[in-house]
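The chains referred to below are lettered A, B, ... by the order of the sequence lines, with proteins before strands, and numbering in each begins at 1.
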2 protein chains.
Amino acid sequence: MIAIGALSRRTGVNIETIRYYERIRLIPPPGRTDSGRRLYGAEDVRRLTFIRHARDLGFDTAAIKAMLALQEVPEASCEEVSRIAADQLAAVESRIRRLAGLRTELTRMINECDNGEVATCRIIEVLAEAPGQTVDH
Amino acid sequence: MIAIGALSRRTGVNIETIRYYERIRLIPPPGRTDSGRRLYGAEDVRRLTFIRHARDLGFDTAAIKAMLALQEVPEASCEEVSRIAADQLAAVESRIRRLAGLRTELTRMINECDNGEVATCRIIEVLAEAPGQTVDH
DNA sequence: GTACATCCTGTAGCCACTACAGGAGCAACC
DNA sequence: GGTTGCTCCTGTAGTGGCTACAGGATGTAC
């Protein structure tokens, strides 16, 4: 059984964030020592590691809760977890496309800026122009 | 001179967001009608369009404020604006790299999931594993 | 015993909005 | 002139996902 600081170091999740996750019921309330300090076990490490990875992958806590709920009921179909992941994949791909466009524009703006005066700087000009095509969010 | 609703439609910025920008002094307080309604002109359209584009590009309001301040002083060098954009470009490229990794992992997880039971679903297994290499944020 | 690290609860702050509530003004039609 | 319905106003509170205190208790090492 380990304390919250060790759990934090082991999972890479901030102590305050662990307590926050407990507050929003993303992780169950752990056992306590006689003096009231939180005690975690291997299952808590596993669960928090899962949550951390899912957050890294861009899942929001609602999606994580859904997946954890499915984990609790192993006889359930994998299809729903797969569907959640597929939704997330689509969102990730959309973000990548959008960022690639931004990268192109930023690169062009920086290249076009010849370090002259702001009055002739293309960065501000380009950004003040009306949108050619609206990028969906 | 146009009302806030027309400004919102013309720039694609939410009415509530326009008032929020005024509150945080990202845009100057506009003129008013006798009855107290906000009135905007061409310069406001330009400024808000600039802000909207900059937000779309992922600039935070602090960076936008910095650029707008430089715009007010056209004799200033373009270098600082360029530097802000370069910083932003680096952040965008980092995000793209990270998301590409996530996409790979999500794709693999979905492919490996054979729609069996959750107990054998790789999505949860993969996410519960310890990180091979920490991805920087 | 004393220094220092770690932990506790509770609350408030962060960013960039977004969503009300509760009211006033305005434009069009009958 | 009345009524309908849209737009606008201020002010406040909520959102997500944390993060940062304050002010104290507990634990550990020397």
> Identify all side-chain donor-acceptor contacts of residues 22-31 of chain B below 3.5 Å with residues at least two apart in sequence or on another chain.
unit_1: B:E22; atom_1: OE1; unit_2: B:R38; atom_2: NE; d: 2.7

> Could you grab the distance from atom CZ of A:R47 to atom CD1 of A:I64, nearest 0.5 Å is fine?
10.5 Å

> When rounded to the nearest 0.5 angstrom, what is the spacing between NZ in A:K65 and CG in A:D60?
10.0 Å

> From the 5' end of DNA chain C to its 3' end, which nucleotides mark the outer limits of contact with chain A, defined by a 4.0 Å heavy-atom distance cut-off (strictly under)?
C:dT6 to C:dT9

> Taking only residues two or more places apart in sequence, or in another chain, which ones meet B:T107 in a side chain to side chain contact (heavy atoms under 4.5 Å, CB included)?
A:L89, B:R103, B:N111

> Counting only non-hydrogen atoms, which of residues 31-38 of chain B are less than 4.0 Å from DNA chain D?
B:R32, B:G36, B:R37, B:R38

> What's the angle between the local helix axes at either end of the helix from C:dG1-D:dC30 to C:dC30-D:dG1, using five pairs per end and rounding to 10 degrees?
10°

> List for me each residue that meets side chain to side chain contact (heavy atoms under 4.5 Å, CB included) alongside A:A3, sequence neighbours excluded, and say none if there are none.
none

> Once side chain to side chain donor-acceptor pair (under 3.5 Å) is applied, do any residues pair with B:E16, and if so which ones, sequence neighbours excluded?
B:R19

> Where along residues 14-30 of chain B does a heavy atom come under 4.0 Å from DNA chain D, residue by residue in number order?
B:I15, B:R19

> Roughly, in whole Å, what's the span from CG in A:L39 to C1' in D:dG27?
13 Å

> Looking at CD1 of A:I51 and OG1 of A:T17, how far apart are the two atoms once the value is rounded to the nearest 0.5 Å?
11.5 Å

> Check side chain to side chain contact (heavy atoms under 4.5 Å, CB included) between A:A66 and all other residues, then give those that pass, not counting sequence neighbours.
A:I84

> Restricting to side chain to side chain donor-acceptor pair (under 3.5 Å), what partner residues turn up for B:R55, sequence neighbours left out?
none

> Got a list of protein N/O to nucleotides 2-4 of chain D N/O distances below 3.5 Å?
none

> Quick check for you: to the nearest 0.5 Å, what is the distance between B:Y21 atom OH and B:T61 atom OG1?
8.0 Å

> Test: side chain to side chain donor-acceptor pair (under 3.5 Å). Region: residues 26-37 of chain B. Which pairs qualify, not counting sequence neighbours?
B:T33-B:S35

> Identify which one of A:I2, A:L48, A:T49 satisfies the side-chain contact (heavy atoms from CB on, under 4.5 Å) criterion when paired with A:R10.
A:I2

> Using the side-chain contact (heavy atoms from CB on, under 4.5 Å) rule, take B:F59 and B:H53 through it: C-alpha gap first, then chi angles, then the decisive distance, then the call.
CA-CA 9 Å; B:F59 291 92; B:H53 283 227; over 6 Å; no

> Is a donor on one side and an acceptor on the other found under 3.5 Å between the side chain of A:S8 and the backbone of A:V13?
yes

> Toward the 5' end of DNA chain D, which comes first, B:A6 or A:T61, by nearest nucleotide?
B:A6

> Roughly how far, to the nearest 0.5 Å, is CD1 of A:I4 from CD1 of A:I18?
4.5 Å

